[in-house]
Number of protein chains: 2
Amino acid sequence: MEQKIIDLLKRSGLSITDSRKKILDSFFQKNSALAHADIEDYVGTDFDRVTIYRTLQTFVDKGIIHTIPTPDNAVVYALCKDSCSAGHHHDNHVHFICDNCNKTFCLEHIVVPAVKMPTGFNATQIDMVVSGVCNFCNNVS
Amino acid sequence: MEQKIIDLLKRSGLSITDSRKKILDSFFQKNSALAHADIEDYVGTDFDRVTIYRTLQTFVDKGIIHTIPTPDNAVVYALCKDSCSAGHHHDNHVHFICDNCNKTFCLEHIVVPAVKMPTGFNATQIDMVVSGVCNFCNNVS
DNA sequence: AACATTTTGCAACATAGTTGCAATAGTGTA
DNA sequence: TACACTATTGCAACTATGTTGCAAAATGTT
Ligand SMILES: [Zn+2]
Ligand SMILES: [Zn+2]
Ligand SMILES: [Zn+2]
Ligand SMILES: [Zn+2]
């Protein structure tokens, strides 16, 4: 795990620091998307709040994580697939937010469906967020 | 217009107050969705910040306006169609955010396409937000 | 080890949103 | 119209969230 994280950082052209290792680790530990506050809880007082903000921004820039828009407008982050790289995200999958456990999931295998735009509107990005009850809360594992 | 606004408030079971009239008016004046800050600009210093927050929340509860999730996680509000009522929103249309003029539009005629959920996941609401360049910025009016 | 370059922590600030409570305004009735 | 009752508003204080500049510390390179 430690080595996997170090490789990912090196591959992204980032230097290996304690905060980056720990924050990246939190994403591998949990299997759902994380809000800033979740990460703050996980890393405790080891790192400054500002460092977490900057680290997350760096990870987004380098194509390591992507942001997920939510109906209640909280910022949530999740690991990208391998195909993402610096400046080029390809996270065109549907996201799911459980109203019960409040976790956010990447539905990696569900691609956002195409939709016809009205004349004059040019689409460059489409986000689809589904709310409901997740498979764990439905007791279907 | 004044009468139209008063009727809408009465129909929603709300008392007629200056702040509600003015805030509702801002939505009829502009033809795009509005953020809290936009409304604050429009009403000036006539009303307290807190009043705007509470009024918007009341309008959402009564089915007068709906919120729109955005990729940069700013809360944006737009008028609902007539079919919405207290506790029952039916705003299943696609939303569009222009990267150029930064305005948010309800594409009332574009219905959010259905999407198949993985086993165990139950969908109750689907939000689709498209980013790109709007018809005005494309000079197609 | 020594150096140049990044990254981090701190402090201070800015914006967004919430809560309790007393003052005020709106509504229905006499 | 005046009254009483209820709903709404403004204020103050607070919490949460996010940003910036700069000096200190850590990292990578020679
Ligand atoms: Zn759940
Ligand atoms: Zn995702
Ligand atoms: Zn535009
Ligand atoms: Zn809408």
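By convention in this document, chain letters (A, B, ...) are assigned in the order of the sequence lines, proteins followed by strands, and residues within each chain are numbered from 1.
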Pairs under 3.5 angstrom, nitrogen or oxygen only, protein versus nucleotides 15-17 of chain C, please.
| residue | atom | partner | partner atom | Å |
| --- | --- | --- | --- | --- |
| C:dG17 | OP2 | B:Y53 | OH | 3.3 |
| C:dG17 | N7 | B:R49 | NH1 | 3.1 |
| C:dG17 | N7 | B:R49 | NH2 | 3.3 |
| C:dG17 | O6 | B:R49 | NH2 | 3.2 |

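Within 6.0 Å of NZ on B:K103 lie no more than 12 heavy atoms contributed by other residues, nucleotides or ligands.
Taking the side chain as every heavy atom from C-beta outward, B:T104 and B:S32 never approach each other to under 4.5 Å. A:F105 has its side chain out of reach of A:I97: every pair of non-hydrogen atoms, C-beta onward, lies at least 4.5 Å apart. Side-chain contact between A:L107 and A:F96 is present, with at least one heavy-atom pair separated by less than 4.5 Å. Side-chain contact between A:V129 and B:I126 is absent, with no heavy-atom pair separated by less than 4.5 Å.
The separation between A:D48 atom CG and D:dA25 atom P is 15 Å, rounded to whole Å. Straight-line distance from the CG atom of B:D46 to the C1' atom of D:dT8: 16 Å, rounded to whole Å. Going from atom NZ of B:K62 over to atom P of D:dA7 covers 11 Å, rounded to whole Å. The nearest whole Å value for the distance from the CD atom in B:Q57 to the P atom in C:dT19 is 11 Å. D:dA16 atom P lies 12 Å from atom CG of A:D41, rounded to whole Å. Rounded to whole Å, atom P of C:dT18 lies 13 Å from atom CD1 of B:I52. Atom CG in B:L9 sits about 12 Å away from atom P in C:dG26, given to the nearest Å.
The phosphate of C:dT6 (OP1 or OP2) has no side-chain N or O of A:S15 nearer than 4.0 angstrom.
Cation-pi contact between A:K30 and A:Y42: absent, since separation from the ring centre below 6.0 Å together with deviation from the ring axis within 45° is not met.
A donor-acceptor contact closer than 3.5 angstrom is absent between the side chains of A:H66 and A:H90.
A heavy-atom distance below 4.0 Å to DNA chain C is reached by these residues of residues 17-27 of chain A, ordered by number: A:T17, A:S19, A:R20.
Ring centroid separation for the pair B:Y53 and B:H36 comes in under the 6.0 Å cut-off.
Residue whose closest nucleotide on DNA chain D sits further toward the 5' end, between B:F47 and A:I16: B:F47.
Residue A:D7 is tested with A:Q3, A:K10, A:K4 for a side-chain hydrogen bond (donor to acceptor under 3.5 Å, both in side chains); the sole match is A:Q3.
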